Amino acid sequence: ISTQNVVEKELAKQGLTRHDVGREKFEEKLWEWREEYGGIITHQLRRLGASCDWTRERFTLDEGLSRAVREAFVNLYRKGLIYRGEYIINWCPRCQTALSDLETLHEEEPSKLWYVRYPLEEGGYIEVATTRPETILGDTAVAVNPYDKRYSHLIGKTAILPVLERRIPIIADEAVDPEFGTGAVKVTPGHDPTDYEIGLRHGLEIINIMNLDATLNGEGGPYEGMDRYEAREKLVGDLREQGLLTRIVPHQHAPGRCQRCQTMVEPMVSEQWFVKIKPLAEPAIEAVRDGRITIIPDRFTKVYYNWMENIRDWCISRQLWWGHRIPVWYCDDCHGKTVATVDPEECEHCGGKDIRQDPDVLDTWFSSGLWPFSTLGWPDNTEDLRYFYPTSVMETGYDILFFWVARMIMLGMEHMGEVPFRVVYLHGLMRDEFGVKMSKSKGNVADPLDVVAEYGADSLRFTIITGSSPGEDMKLYEEKLESSRNFANKIWQMARFITGNLPEDYHLPSGEPGEWPHLRLEDRWILARHNRVVSEVTRLLDSYQFGEAGKQIYEFLWGEFADWFIEASKVRLYGESEEAQRTARDVLVYVFGRALRLLHPFMPFVTEEIWQHLPRECQSLMVAPWPEPGPVDEEAEALQEEIWEHIRDIRNRRAEEGWPVEVRPAAYTVAGELREALESQRDVFAWLGRVEPREIAAQREQSRAGSAVVTGRLATTLVVEVDVEKERQRLEQEMTNLEGEIARAEQLLANEGFVSKAPGEVVCRERDKLARYQKERQKLEERLASLAR
RNA sequence: GGGCGAGUAGCUCAGCUGGUCAGAGCGCGCGGUUCACAUCCGCGAGGUCGUAGGUUCAAGUCCUAUCUCGCCCACCA
């Protein structure tokens, strides 16, 4: 419907309708549109890094799928599960087609309730209330509740319909709610679903008062030719004049509206094709109930049952030109129906040649419902079909659980005798920053290509995956995208650091890393942490907790691997024995390489690119084996965590007490295992705590006087030494540099013409800089003053 | 009318089947020109996990009631 609407809008610009150009020409235009825009979505998917077998791309109207549609239709028809019948359906007067219940949306809106008196044949009147006065013209009865004592004496009597003066019976039906309105209801079987049912029960006449465009037809009497709303206004006026309108009260009302164009739907009785759904629904319910299909998140299971158990026959015919034409031919001679998978030459009943195909097309979800097997060559028993059916996971948004998922299950079980998939994973919906559902008609859709261009596909993927929990909607925020992009950059920087420290001929040693010689405590720690993350991420992915899995990797790579391990590795890489350097490199490469595999499903692009620059055991990360978790060295884990805690403590003291600082010995009196560990990690401790052992400090030319120096035994005594004179010189040099920067910034600001690109932007930046410089200068002055003291 | 979801630091949200969480990102405050990274590093402030009861040795995490917001389903004219 939406495709047809788009093309019709194009035509409308030239003042044409689809009827003006004719069915054949219009279908051509539809195909043109499809050729032009059909590739966009797959292009978007590719850019997002969706890893699909693109050779298997299928389109609903492809040859093979069309064959499957006909086969399915004929099969269901022969089994008596598809029938053509008169029924009250939802009619969109704008789209000029029938709609299924799912395609009509109900939303509460303020309306009115009109109270109208219907005169009685025997004198007096009965009062009814209605939200659609124009439907009075189609009334064929007045109904009351059989147990409503107020009206029991009127049951069986006759009322006179206002205006048209039709004699209509007063009947009793339990569908009438005595509490609502007056307790008496006008019955319009031709234009109201409830009334239609009442009409069936009581054998009432069905009067259709409208044309397909919702203007009144001949049954409308004096209102013939008017639009439904125009007729309403006129009729209400007439009723008022005749004194039959007693009052109008405000009323909340939820009328049906067309899902595609928002036009108010008109219930109408019309001949349509239906799928008899109960026989299909039962096995589909059973399949979920007995666990052959699992729905995730679990709460949607209940929603599924509720819908399936109360399901009504499915109206599948649409008065459109875009879609699968219904494979039924009518005979002009004997009026028989020929239902066939291939276009017939003649009527199968009388052999007559004058046959015409049903002009209607099928609901798009009818063909979509066949997708799990129609795409694999069904009805032929192909190798693909045998191999791939049933599939493992069906992943889609929860908003099409009924539209699509339920129908795939029903039609799959009917035609294949087996469920189409084992797991249904339902994700939430993307909303804009205000929480409004993104939709094309509202124009608040973010094109993934734009987002990818600005932040990269990896960032978008990571943001979406980690931004919410399963089945929950999420709002797309720039800030989230930025943070993911920063993560991608961080990964990149880690890679630069690691590869930058590898010799040309580097090879990862063989054997289990836990067995490597010369491992230090921090190595054992990161290997343990890494093993824990591998098993945790694997578990989370297996249980469909994708967001949580992504966060674990993020925390590990940034918070542990980069912030602690890479930093700690520098003491070895920058100045210890060849052996120590080698061990550090091995652990870096090993852990990083395995973490990249975990991250690959989330950020395929940056991880693959990095993989190509690392020593690797296979060509592409995409096909690298998923890591198996190794043993977790809990002892190393605990010990190292404790040392990190002490380093944080040092940093805290520095932050609190200012720098330089004297660290009191008492805080670091430790004993036993931790003491040994600390001793073994003096260098790491010193580097990360920025507390340098004297002997290392001496080796470092750039060692500044402001640094604290550890003296004596590290774990017991930390004292600070400051060379006042050196510090003063350094500060003064800094001050000189700063003055220079300030002068330049001021000059730039004074001459705005100097700025070429993006007027104002650079100037602003300079202004910010200047403010920062001045703040810095003030601090420098303070420090110099305190130093003098 | 029925059902479901959400209500957790200023903002946006994680916290799976009850006992290391009271957390992350952004924002905010303080401090950083160290050769992977300012798309950065270090430190910090901020929440009685909507409200009221209850179960339990133990509850954002279970039960009951209730308030607010959102969604889905439904033939109340």
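In what follows, chains carry the letters A, B, and so on, assigned in the order in which the sequence lines appear, proteins first and then strands, with residues in each chain numbered from 1. Bear in mind the structure is a predicted one, so any value in this text is a computation, not a measurement. Only heavy atoms go into these numbers, but all of them, side chains included; no hydrogens, no water, no symmetry mates.
- Rounded to the nearest 0.5 Å, atoms OH (A:Tyr118) and CD (A:Glu127) are 11.0 Å apart.
- B:A77 sits 49 Å from B:G18 when the C1' atoms are compared, rounded to a whole Å.
- The base-pairing partner of B:U33, taking Watson-Crick or G-U wobble contacts with both distances under 3.5 Å, does not exist among the strands shown.
- Using a 4.0 Å heavy-atom criterion, one finds that A:His191 contacts no nucleic acid atom at all.
- Remark: the separation of the C1' atoms in B:G23 and B:A38 is 26 Å, to the nearest Å.
- Partner assigned to B:C28 is B:G44, using Watson-Crick or G-U wobble distances below 3.5 angstrom.
- To the nearest 0.5 Å, the span separating CD on A:Glu560 from CZ on A:Phe565 amounts to 12.0 Å.
- When the C1' atom is compared between B:A9 and B:A45, the two are found 10 Å apart, to the nearest whole Å.
- Rounded to the nearest Å, the gap between the C1' atom of B:G3 and that of B:U61 is 23 Å.
- For B:C49 and B:U39, the C1' atoms lie 33 Å apart once the distance is rounded to whole Å.
- Nucleotide B:G5: paired with B:C69 (Watson-Crick or G-U wobble, both distances less than 3.5 Å).
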Start with the C-alpha distance between A:Tyr115 and A:Ile248, add both sets of side-chain angles, then the distance that settles side-chain contact (heavy atoms from CB on, under 4.5 Å), and finish with yes or no. CA-CA 6 Å; A:Tyr115 285 77; A:Ile248 305 173; over 6 Å; no

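- A cation-pi contact, defined as under 6.0 Å to the ring centre and within 45° of the axis, is absent between A:Arg529 and A:Trp564.
- Listed in residue order, the members of residues 128-139 of chain A having a heavy atom less than 4.0 Å from RNA chain B are A:Ala129, A:Thr131.
- Comparing the C1' positions of B:G32 and B:C71 gives a spacing of 48 Å, expressed to the nearest Å.
- Because its NZ or CZ atom is both nearer than 6.0 Å to the ring centre of A:Phe497 and within 45° of the ring axis, A:Lys570 counts as a cation-pi partner of that residue.
- Taking atom P in both B:G29 and B:C72, one finds a spacing of 41 Å when rounded to whole Å.
- Ranked by how close their nearest RNA chain B nucleotide is to the 5' end, A:Lys302 and A:His253 are led by A:Lys302.
- The two residues A:Met474 and A:Thr463 have their closest heavy-atom pair at CE-O, 3.9 Å.
- Distances shown here put every side-chain N or O of A:His106 at or beyond 4.0 Å from the OP1 or OP2 atom of B:C72.
- Within the nucleic acid shown, A:Glu482 has no heavy atom closer than 4.0 Å to any nucleic acid atom.
- Taking the O4'-C1'-N9-C4 or O4'-C1'-N1-C2 dihedral as appropriate, B:G31 has a value more than 90° from 0 and is therefore anti.
- Using a 4.0 Å heavy-atom criterion, one finds that A:Ala562 contacts the bases of the nucleic acid, with or without backbone contacts as well.
- Counting any heavy atom pair closer than 4.0 Å across all strands shown, A:Gly467 reaches sugar-phosphate atoms only and no base atom.
- At a threshold of 4.0 angstrom between heavy atoms, the contacts of A:Tyr196 with the nucleic acid are absent.
- Searching all strands for a Watson-Crick or G-U wobble partner of B:U17 with both distances below 3.5 Å returns nothing.
- Contact check, A:Trp558 against B:C41: a side-chain N or O comes under 4.0 Å of OP1 or OP2.
- An OP1 or OP2 oxygen of B:C13 is reached within less than 4.0 angstrom by a side-chain nitrogen or oxygen of A:Lys475.
- Applying the 3.5 Å distance criterion, the base of B:A24 shares no donor-acceptor pair with the side chain of A:Lys480.
- For the P atom pair drawn from B:U68 and B:G31, the interatomic distance equals 47 Å after rounding to whole Å.
- Of the nucleotides present, B:C63 is the one that pairs with B:G53 by Watson-Crick or G-U wobble criteria, both distances under 3.5 Å.
- Base contact: A:Ile566 has a heavy atom under 4.0 Å from a base atom.
- Neither OP1 nor OP2 of B:A74 sits under 4.0 Å from any side-chain N or O of A:Asn310.
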